[in-house]
**Student:** 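So that we are looking at the same thing, I have put the structure below in C-alpha cells.
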Protein chains: 2
Amino acid sequence: MPAVAREVDRFQQFLQQQGLKLTSERTALVREIFSTHYHFEADELLFKMKEKSVKISRATVYRTLELLVKSGMVRRVHLGEDHYHYEHVSGNSHHDHLICTTCGGVIEFHDEEIERLQRAICEKKKFTPTFHNLQILGVCESCTRRGETPDAPDRVKMIQATRLRK
Amino acid sequence: MPAVAREVDRFQQFLQQQGLKLTSERTALVREIFSTHYHFEADELLFKMKEKSVKISRATVYRTLELLVKSGMVRRVHLGEDHYHYEHVSGNSHHDHLICTTCGGVIEFHDEEIERLQRAICEKKKFTPTFHNLQILGVCESCTRRGETPDAPDRVKMIQATRLRK
DNA sequence: CCCTAAACTGAGACTCAGTCTCAACTCGTC
DNA sequence: GACGAGTTGAGACTGAGTCTCAGTTTAGGG
C-alpha cells in the first residue's frame with residue numbers, strides 16, 4: 001500500500017523537523033488513520049487498535065492526534081453537536097460539511113464562491129483568518145425519502161454500544 | 001427594564017404551551033441571560049448567579065438552557081475549539097462568527113450572499129437544511145496591531161481563575 | 001555496534017462540562 | 001386549600017480529554 005507508506009513518510013519528515021521520533025505506535029496510528037476514510041473519533045481509533053490487538057494507550061492516541069493536527073495531516077472538526085471528530089487531509093484539500101442529523105452521514109462540499117465571500121468579509125472587518133469551519137445540519141436525500149424525522153438516535157446508540165472503555 | 005420582561009413573558013408562553021411551569025429560578029436565569037449581551041458559557045452563568053447570591057444549582061442551569069434552546073430563544077454555538085457557548089436570540093436574527101484566537105473576542109457578521117449560496121448547495125445535493133454554523137478563526141484587528149501571535153492563553157487563564165466549582 | 005540523552009509510552013489518577021437520580025419542594029388548576 | 005404534575009438541589013456519575021511519572025525506546029555520535 002504505497003499511499004499509506006507515503007503518509008507515514010510525510011509524518012516522519014515532520015517529526016524529524018521538530019526533533020521528534022517516529023515510534024511503532026505512531027506508525028501504527030498513521031497507518032490506521034490513512035487506510036480508513038473520512039471522519040473518525042479519538043475513541044473509535046483507540047477501539048480499532050484494541051480490536052487489532054495493537055496495544056496503544058489512550059494518552060498516546062491523543063498525543064499522536066495532536067501531532068498530526070500540528071503537522072497539518074489531520075484536521076479537527078466539529079461534526080454535529082458533540083465532541084471532536086478528526087479527518088485526514090491527504091491530497092484532498094479544504095472542504096466543508098453537510099451533516100445529516102438523522103443518519104449521521106456527512107457529505108463534503110467545496111464552493112470557491114463562498115470561500116471568496118468569506119475572504120471579503122475578513123478584509124472588510126480587518127480580520128486575518130487562519131481557518132474556517134462551515135457545517136450545515138439537516139436531513140440528507142435518502143433520509144428524506146425514507147420519511148425520517150430529524151434526530152434519530154439509532155446510530156448514536158450503535159456507536160456507543162461498540163465503544164469500549166479502559 | 002421592559003425588554004427583559006418581554007423575554008420572560010415569551011418564555012412563560014412557551015412553557016405554558018408545553019405544560020411546563022415558570023419558576024423563580026427560571027425567571028432569574030432568563031433575566032440574567034437577556035440582560036447581558038452576546039455569548040456566555042453555562043458555567044459562567046452558574047457563577048454569575050452565585051455572585052448575586054441567587055442559589056441555583058448546576059442541574060437547573062443546564063435544564064433551563066435546554067428549554068431556552070428548545071424555545072428558540074437561545075442558541076447553542078461552538079466558538080473556537082472548546083465546549084458549548086450560548087447566545088440569546090432576541091430581535092437579532094441569524095449571524096455567523098469571526099473568532100479571534102488571540103483575545104477570544106467574537107465579531108458577528110451576516111452575509112446574505114453566503115446564505116444564498118449555502119441554500120443553492122443544499123438544493124444541488126438534495127439536502128434539507130435546518131441550521132448552519134460558520135466560524136472563521138483568526139486574529140482580529142487590534143490583536144494584529146499589537147503584534148500578537150495567535151493562541152495567547154491569558155484570557156483563558158483569567159476565565160478559569162474566576163470560575164468556581166461546586 | 002553500543003551508549004546515552006532526549007523523547008516516548010502506558011497506567012491510571014485527574015479535570016471539567018454536562019447528565020442523572022431521587023427525595024423534598026413548588027406551581028397552578030380545580 | 002389540596003393535590004398532582006412538574007421542579008429543584010445535592011451530589012453521584014459519565015465520558016472526553018489531559019497530566020504525571022517511572023520505565024522504555026529511539027536516534028545518532030563515537
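So you know, we letter chains A, B, ... as the sequences are listed, proteins then strands, and number each from 1.
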**Student:** In whole Å, I'd like the distance from the CZ atom of A/Phe47 to the P atom of D/dG17.
**Tutor:** 17 Å
**Student:** If I take atom CD in residue B/Gln12 and atom C1' in nucleotide C/dG28, what distance separates them, rounded to the nearest angstrom?
**Tutor:** 11 Å
**Student:** Using the test side-chain contact (heavy atoms from CB on, under 4.5 Å), find all partners of A/Lys52 that sit at least two apart in sequence or belong to another chain.
**Tutor:**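 A/Lys52 satisfies side-chain contact (heavy atoms from CB on, under 4.5 Å) with A/Glu32, A/Val54 once adjacent residues are dropped.
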**Student:** Once you round to the nearest 0.5 Å, how far does CD of A/Gln118 lie from CG of A/Asp96?
**Tutor:**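 Reported to 0.5 Å precision, the distance equals 7.0 Å.
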**Student:** Quick check on side-chain hydrogen bond (donor to acceptor under 3.5 Å, both in side chains): which of B/Gln135, B/His39, B/His85 does B/His97 satisfy it with?
**Tutor:** B/His39
**Student:** Specify the angle, to 10°, made by the local axes at the two ends of the helix from C/dC1-D/dG30 to C/dC30-D/dG1 when five pairs are taken at each end.
**Tutor:**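 One end's axis against the other's: 20°.
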**Student:** Just the rounded figure in Å: distance from P of C/dA17 to CZ of B/Arg76.
**Tutor:** 14 Å
**Student:** What is the separation between atom CG on B/Leu65 and atom P on D/dT8, rounded to the nearest whole Å?
**Tutor:** 12 Å
**Student:** Taking OP1 and OP2 of D/dT18, is either one under 4.0 Å from a side-chain nitrogen or oxygen of A/Tyr62?
**Tutor:** no
**Student:** According to a strict under-4.0 Å criterion, is A/Thr60 in side-chain N/O contact with OP1 or OP2 of C/dG10?
**Tutor:** yes
**Student:** Ignoring the backbone of B/Arg26, work out which of C/dG18, D/dT8, C/dA11 is nearest its side chain.
**Tutor:** D/dT8
**Student:** Under 3.5 Å, is there any donor-acceptor pair linking the side chain of A/Arg58 to the base of D/dG15?
**Tutor:**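 There is none.
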**Student:** Among all residues two or more places apart in sequence or in another chain, which pass the side-chain contact (heavy atoms from CB on, under 4.5 Å) test with B/Gln16?
**Tutor:** none
**Student:** Does the Lys NZ or Arg CZ of A/Arg76 fall within the cation-pi geometry relative to A/Tyr86 - under 6.0 Å from the ring centre and within 45° of the axis?
**Tutor:** no
**Student:** Determine, step by step, whether B/Arg116 and B/Glu113 satisfy the salt bridge (Lys or Arg N to Asp or Glu O under 4.0 Å) criterion, reporting the C-alpha distance in whole Å, the side-chain angles of both residues, the deciding distance to 0.1 Å, and the verdict.
**Tutor:** CA-CA 5 Å; B/Arg116 199 184 55 72; B/Glu113 187 63 11; 2.8 Å; yes
**Student:** Heavy atom of residues 15-25 of chain A under 4.0 Å from DNA chain C: which residues?
**Tutor:**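 Here the set is A/Gly19, A/Leu20, A/Lys21, A/Thr23, A/Glu25.
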**Student:** Just how far, in rounded Å, is P of D/dG15 from CG of A/Leu46?
**Tutor:**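 Computing the A/Leu46:CG to D/dG15:P distance gives 14 Å.
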**Student:** Just the rounded figure in Å: distance from P of C/dT19 to NE2 of B/His83.
**Tutor:** 13 Å
**Student:** Who passes side-chain contact (heavy atoms from CB on, under 4.5 Å) against A/Glu141, sequence neighbours left out?
**Tutor:** A/Arg145, B/Lys126
**Student:** side-chain contact (heavy atoms from CB on, under 4.5 Å) with B/Ala120: which residues, sequence neighbours excluded?
**Tutor:**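 B/Ala120 satisfies side-chain contact (heavy atoms from CB on, under 4.5 Å) with no other residue.
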**Student:** Between the base of D/dG17 and the side chain of A/Arg63, is there any donor-acceptor pair under 3.5 Å?
**Tutor:**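 Answer is no: no donor-acceptor pair is held.
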**Student:** So B/Arg63 and B/Thr60, do their side chains get closer than 4.5 Å, heavy atoms only?
**Tutor:** yes
**Student:** Side chain of A/Lys55, heavy atoms from C-beta onward: which of C/dT9, C/dA11, D/dA10 has the nearest atom to it?
**Tutor:** C/dA11
**Student:** A/Asp43 CG to D/dT14 P: how many Å, rounded?
**Tutor:** 15 Å
**Student:** Please give, in whole Å, the distance from D/dG15 P to A/Tyr84 OH?
**Tutor:**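 Distance check: A/Tyr84 OH to D/dG15 P gives 19 Å.
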